[in-house]
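Written out below as structure tokens is the structure these notes cover.
Values below: all heavy atoms of this structure, side chains included; hydrogens, waters and symmetry mates excluded.
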Amino acid sequence: MFVVKRRELLLGVLALSTFPKVVLSDQSTMKYMMRSQLLGSNEAPIKIKEFFSLTCGHCANFHKNTLPKLKDKYIDKGQIQLELIDYPLDKLAVIAAALARSLPTSEGYIKAIDILLEKQKQWAYSKTPLEELYSIAKLFGVSSKKFDEITKNIPLMQEIIDRMEKESKNFNIESTPTFIINNEHKISGALSFKEFETKLLKLVKAKNS
């Protein structure tokens with residue numbers, strides 16, 4: 001788990017301001033890109049917020065090993081709704097989150113998150129991370145021109161960071177991945193499915209008892 005240092009992250013993102021900025025044409029576009037990204041039914045009794053960073057190895061581990069089982073057993077059966085919340089820990093993670101947010105559909109965003117975490121070592125630990133990130137972006141039909149615009153879209157990146165800070169204050173988020181259950185309970189760390197399920201059911205049972 002990585003401790004978020006808000007000041008350092010902001011300084012890293014603001015360093016991007018040496019590039020030309022892309023200004024979004026209207027607030028409706030920004031609002032659409034920053035819409036909630038959900039897996040599962042709105043009627044699910046258990047709502048989970050997942051705070052993750054695309055450069056966090058523990059997050060990649062959770063998405064690879066735990067989330068598929070959680071999805072099969074609970075999300076797909078209408079018992080859990082999972083909200084994916086970008087919580088980038090560094091400048092590269094902000095750019096990657098902006099890439100996913102720039103895709104036109106929620107399905108595209110969720111698929112991008114899956115692939116970016118699956119291929120995390122390919123781009124996040126590369127000596128040429130933006131080149132590697134672009135090679136992945138092409139899988140989603142992102143052109144070279146579009147990718148260049150995304151990497152310079154400071155307003156979108158700032159919006160992602162602003163939301164991250166707001167959520168951090170609301171739920172005292174200090175590391176990734178962190179999960180907030182029904183806006184009350186917290187689970188942190190890349191737990192195995194059995195560990196996660198045990199903690200989750202204990203919290204739910206305690207609330208209902």
Side-chain angles (χ1 to χ4, degrees), residues 2-38 49-57 59-60 63 83-106 108-117 119-120 122-126 128-171 173-178:
F2 298 89
V3 176
V4 174
K5 296 183 179 179
R6 165 74 176 170
R7 177 177 169 79
E8 292 181 8
L9 178 57
L10 274 176
L11 289 174
V13 173
L14 291 177
L16 292 172
S17 62
T18 55
F19 296 103
K21 295 183 179 180
V22 175
V23 180
L24 296 176
S25 57
D26 56 66
Q27 287 301 310
S28 63
T29 302
M30 178 70 80
K31 184 177 180 179
Y32 181 76
M33 286 196 289
M34 294 301 299
R35 67 198 180 280
S36 297
Q37 299 292 348
L38 306 169
K49 296 177 182 287
E50 180 198 357
F51 297 85
F52 70 98
S53 173
L54 287 166
T55 54
C56 166
C59 300
H63 275 252
E83 180 178 1
L84 302 174
I85 300 179
D86 305 302
Y87 205 78
L89 301 184
D90 51 55
K91 181 171 66 176
L92 187 58
V94 178
I95 296 173
L99 167 61
R101 287 278 173 187
S102 297
L103 298 178
T105 65
S106 292
Y109 171 88
I110 292 169
K111 184 64 176 177
I113 295 303
D114 286 343
I115 292 178
L116 286 166
L117 288 171
K119 298 179 177 292
Q120 186 185 79
Q122 174 185 328
W123 62 274
Y125 299 96
S126 170
T128 55
L130 289 184
E131 291 181 15
E132 293 295 337
L133 197 56
Y134 172 55
S135 70
I136 295 173
K138 288 191 289 187
L139 298 175
F140 314 122
V142 176
S143 67
S144 176
K145 179 181 178 181
K146 178 64 176 177
F147 182 76
D148 187 55
E149 291 175 353
I150 292 170
T151 63
K152 297 172 183 175
N153 195 337
I154 305 301
L156 174 57
M157 296 180 201
Q158 191 64 57
E159 190 74 21
I160 291 170
I161 292 173
D162 288 345
R163 180 171 292 184
M164 181 190 80
E165 184 177 53
K166 178 181 178 182
E167 296 287 0
S168 180
K169 290 179 179 178
N170 287 341
F171 299 108
I173 306 300
E174 296 180 333
S175 61
T176 57
T178 291

Taking all atoms of both residues into account, what is the closest heavy-atom pair of [X] and [Y], and its distance?
X      : Y      : value
Ser53  : Pro88  : OG-CA, 3.7 Å
Leu84  : Phe52  : CB-CE2, 3.8 Å
Met157 : Ile150 : CE-O, 3.3 Å
Leu54  : Ala97  : CD1-N, 3.7 Å
Gln120 : Gly57  : OE1-CA, 3.4 Å

List for me each residue that meets side chain to side chain donor-acceptor pair (under 3.5 Å) alongside [X], sequence neighbours excluded, and say none if there are none.
X      : value
Thr128 : Ser126
Glu50  : His63
Tyr109 : Asp86
Glu167 : none

Do the non-hydrogen side-chain atoms of [X] and [Y] ever get within less than 4.5 Å of each other?
X      : Y      : answer
Glu149 : Ser102 : no
Met34  : Ile160 : yes
Leu133 : Leu116 : yes
Ile115 : Phe140 : yes
Ile113 : Leu117 : yes
Ile110 : Thr105 : no

Full working for side chain to side chain contact (heavy atoms under 4.5 Å, CB included) between Leu156 and Met30
CA-CA 7 Å; Leu156 174 57; Met30 178 70 80; 3.9 Å; yes
Report the distance from atom [atom1] of [X] to atom [atom2] of [Y], rounding to the nearest 0.5 Å.
X      : Y      : atom1 : atom2 : result
Ser106 : Leu38  : OG    : CG    : 7.5 Å
Gln158 : Met164 : CD    : CE    : 9.5 Å
Ile85  : Phe171 : CD1   : CZ    : 7.0 Å
Lys49  : Glu83  : NZ    : CD    : 4.0 Å
Ser143 : Asp148 : OG    : CG    : 9.5 Å
Leu92  : Glu132 : CG    : CD    : 11.0 Å

| side chain to side chain contact (heavy atoms under 4.5 Å, CB included) between Phe51 and Ser168: does it pass, once the steps are laid out? | CA-CA 9 Å; Phe51 297 85; Ser168 180; over 6 Å; no
_Where at least one partner belongs to residues 27-36, residue pairs that pass salt bridge (Lys or Arg N to Asp or Glu O under 4.0 Å), sequence neighbours excluded_ =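 Output for this query is empty, none listed.
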Exercise. For Phe147, what residues pass the ring pair (Phe, Tyr, Trp, His ring centres under 6.0 Å) criterion, not counting sequence neighbours?
Worked result: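 For Phe147 the ring pair (Phe, Tyr, Trp, His ring centres under 6.0 Å) partners, ignoring immediate neighbours, are Tyr134.
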*Flag, side chain of Tyr87 to backbone of Pro177, donor-acceptor distance under 3.5 Å*: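 The answer is no, because no donor-acceptor pair under 3.5 Å joins these two groups.
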For this session: Mind running side chain to side chain contact (heavy atoms under 4.5 Å, CB included) on Leu103 and Val142 for me, showing each step along the way?
Result: CA-CA 8 Å; Leu103 298 178; Val142 176; 3.9 Å; yes
